[in-house]
Amino acid sequence: MEILRTPDERFENLPDYPFTPHYAEISDGLRVHYVDEGPKDGPVVLLMHGQPSWSYLYRFMIPLLVEKGARVLAPDLIGFGKSDKPVDRNDYTYERHIGWMTEWLHALDLKEISLFCQDWGGLIGLRMVAAEPDRFASVTASNTGLPIGQGQASEAFLNWLEFSQTVPVLPIGGILQQATVRELTDAEVAAYDAPFPDESYKAGARAFPALVPITENHASAAENREAWGRLMAFDKPFITAFSDKDPITKGGEKPFRERVPGAKGQSHHDVTDGAHFVQEDRPAALVEAILNAMKAAGKLG
């Protein structure tokens, strides 16, 4: 496996991202970067990002959670952020990503986890919950899903899929700007571009949209169906916090609220004035949802 590692100088002087880098070595010779802030004996909050973002997306949420006494971890998926980036897009599969992140989770031996997941952070994170529910104390899900290839993919997603596979230069920072309500600064847009010095670093960002199981015969559709079967027995607090201005995942909270036992009777959040990357638009509202899930799980006083 040919692997690229983004030079450290690309990440110097990023606005609002003062966090000390941490690294873990996993299989395939890969290095995973993660943020690890707050007291080591605090309740664990795991923030999982999607595509094509990285842990920079959580820079406003991390301090708010640390203020509440939480130990906050935010890993960069393989292919993103400060984590290693295989060059061949065929090295990126849905199942391999789950394996990589599960290996990282085991390396840190994280337990009693309060998970927050958005976009591909949910496609991967919810599979991890389904596989090892005893490791998780609660889930807060935003603008994500666990697709099984049934139903019609939204026009917005199909347009995104076509764009991501055909545009000559994938404009990472521009994509983040297009999918937020607030206007990002030039420095923030540059921070999202930072992990990718050129197109050779973007194999993961290119691969992910095509990995979403939008047909029943799609790779990982069967595995997601099996995972749904286990999530339908997950009775720990499960809160949805979907935003109102995301055409990609509109209505995606309904299956979770209807089918996951732990979602029954919870204070679900309908987040206003937030686009797909709602962490940029409404970080405090998402933190409130996470804290509510933690309280319901008995992880906060």
Side-chain angles (χ1 to χ4, degrees), residues 2-4 6 48-57 76-81 83-98 100-101 117-127 142-149 151-181 184 188-215 217-221 224 242-243 245-250 252 274-281:
E2 183 181 357
I3 297 169
L4 294 175
T6 304
M48 293 195 65
H49 74 85
Q51 185 272 355
S53 61
W54 60 292
S55 56
Y56 185 75
L57 185 64
D76 292 336
L77 298 177
I78 292 297
F80 299 86
S83 290
D84 283 350
K85 301 168 183 69
V87 174
D88 187 345
R89 67 175 290 170
N90 293 320
D91 288 330
Y92 296 89
T93 70
Y94 193 161
E95 300 308 311
R96 183 172 273 176
H97 266 285
I98 293 166
W100 285 330
M101 293 315 298
C117 55
Q118 181 262 343
D119 191 85
W120 264 95
L123 274 74
I124 295 170
L126 294 174
R127 283 283 302 275
S142 176
N143 297 354
T144 190
L146 194 62
I148 58 175
Q152 179 65 40
S154 69
E155 182 179 357
F157 177 78
L158 294 176
N159 289 340
W160 158 239
L161 176 61
E162 180 179 7
F163 173 82
S164 68
Q165 304 306 296
T166 59
V167 67
V169 177
L170 194 64
I172 304 295
I175 290 167
L176 267 289
Q177 178 61 92
Q178 288 296 315
T180 58
V181 170
L184 303 181
E188 288 173 324
V189 172
Y192 284 113
D193 285 325
F196 309 104
D198 59 51
E199 292 302 298
S200 66
Y201 288 76
K202 299 178 185 177
R206 291 276 192 183
F208 260 34
L211 297 179
V212 177
I214 58 174
T215 70
N217 295 323
H218 209 102
S220 296
N224 279 7
F242 281 58
S243 61
K245 292 181 170 62
D246 180 19
I248 298 287
T249 63
K250 185 177 182 179
H276 182 66
F277 295 105
V278 63
Q279 299 95 320
E280 287 286 355
D281 296 322

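For the numbers below, each heavy atom of this structure counts, side chains included, while hydrogens, waters and symmetry mates do not.
What you find for Ala210 and His218 is that their closest heavy atoms are O-NE2, 2.9 Å. Nearest heavy-atom pair, Leu123 versus Arg127, reported as atom, atom and distance to 0.1 Å: O-CG, 3.3 Å. Here the closest non-hydrogen pair linking Asn224 and Pro147 is ND2-O, 2.7 Å. The two residues Arg89 and Ala207 make their nearest non-hydrogen contact at NH2-CA, 3.3 Å. Between Ala203 and Pro86, the shortest heavy-atom contact is CB-O, 3.7 Å. Pairing each heavy atom of Met48 with each of Gly125, the nearest pair is SD-CA, 3.9 Å.
In this view, Phe242 satisfies the ring-ring contact (aromatic ring centres under 6.0 Å, His included) rule with no residue, not counting sequence neighbours. Asp198 meets the side-chain contact (heavy atoms from CB on, under 4.5 Å) test with Ser200, Tyr201; sequence neighbours excluded. Scanning for salt bridge (Lys or Arg N to Asp or Glu O under 4.0 Å) contacts around Asp193 gives an empty result, with sequence neighbours left out. Residues that satisfy the ring-ring contact (aromatic ring centres under 6.0 Å, His included) test with Trp120, not counting sequence neighbours, are Tyr94, Phe208. Gln178 meets the side-chain contact (heavy atoms from CB on, under 4.5 Å) test with no other residue; sequence neighbours excluded. Residues satisfying the side-chain contact (heavy atoms from CB on, under 4.5 Å) test with Val181, not counting sequence neighbours, are Lys245, Ala275, Asp281. Partners of Asn159 by side-chain contact (heavy atoms from CB on, under 4.5 Å), not counting sequence neighbours, listed by chain and number: Glu155. Under the ring-ring contact (aromatic ring centres under 6.0 Å, His included) criterion, Tyr56 pairs with Tyr17, Trp54, Tyr192, not counting sequence neighbours. Partners of Asp76 by salt bridge (Lys or Arg N to Asp or Glu O under 4.0 Å), not counting sequence neighbours: none found. Contacts of Ser164 classified as side-chain hydrogen bond (donor to acceptor under 3.5 Å, both in side chains), with partners at least two apart in sequence or in another chain: none.
Counting only residues at least two apart or on different chains, no salt bridge (charged side-chain N to carboxylate O under 4.0 Å, His left out) pair has a member in residues 157-167. A salt bridge (charged side-chain N to carboxylate O under 4.0 Å, His left out) check over residues 202-215, counting only residues at least two apart or in different chains, returns the pairs Glu199-Lys202, Glu199-Arg206.
One finds the CG atom of Leu158 at 9.0 Å from the CD1 atom of Ile248 (value rounded to the nearest 0.5 Å). Leu176 CG to Ser53 OG: the interatomic distance, rounded to the nearest 0.5 Å, is 6.0 Å. Note that the CE atom of Met101 and the CD1 atom of Ile124 stand 7.0 Å from one another [nearest 0.5 Å]. Taken to the nearest 0.5 Å, the CG atom of Leu4 stands 11.5 Å off from the CZ atom of Phe196.
Residues Pro197 and Thr6 form a side-chain contact, since some pair of their non-hydrogen atoms from C-beta on lies under 4.5 Å apart. Counting only heavy atoms from C-beta outward, the side chains of Glu188 and Gln177 never approach each other to under 4.5 Å. A 4.5 Å side-chain heavy-atom check between Pro247 and Trp160 finds every atom pair outside the cut-off. Put simply, the side chain of Ser220 does not reach to within 4.5 Å of the side chain of Leu211, judged on heavy atoms. Looking at Leu170 and Ile175, their side chains come closer than 4.5 Å, going by heavy atoms from C-beta outward. Residues Asp91 and Ile78 fail the side-chain proximity criterion, which asks for heavy atoms closer than 4.5 Å.
No side-chain donor-acceptor contact under 3.5 Å links Ser243 and Asp246.
Between the side chain of Glu2 and the backbone N or O of Val87 there is no donor-acceptor pair closer than 3.5 Å. Between the side chain of Gln118 and the backbone N or O of His276, at least one donor-acceptor pair lies under 3.5 Å. With hydrogens and angles disregarded, no donor-acceptor distance shorter than 3.5 Å links the side chain of His97 to the backbone of Tyr92. Without hydrogens or angle criteria, Lys85 side chain to Ser83 main chain gives a donor-acceptor distance under 3.5 Å.
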Practice item. Take Asn143 and Asp119, measure what side chain to side chain contact (heavy atoms under 4.5 Å, CB included) needs, and give me the verdict at the end. Key: CA-CA 6 Å; Asn143 297 354; Asp119 191 85; over 6 Å; no

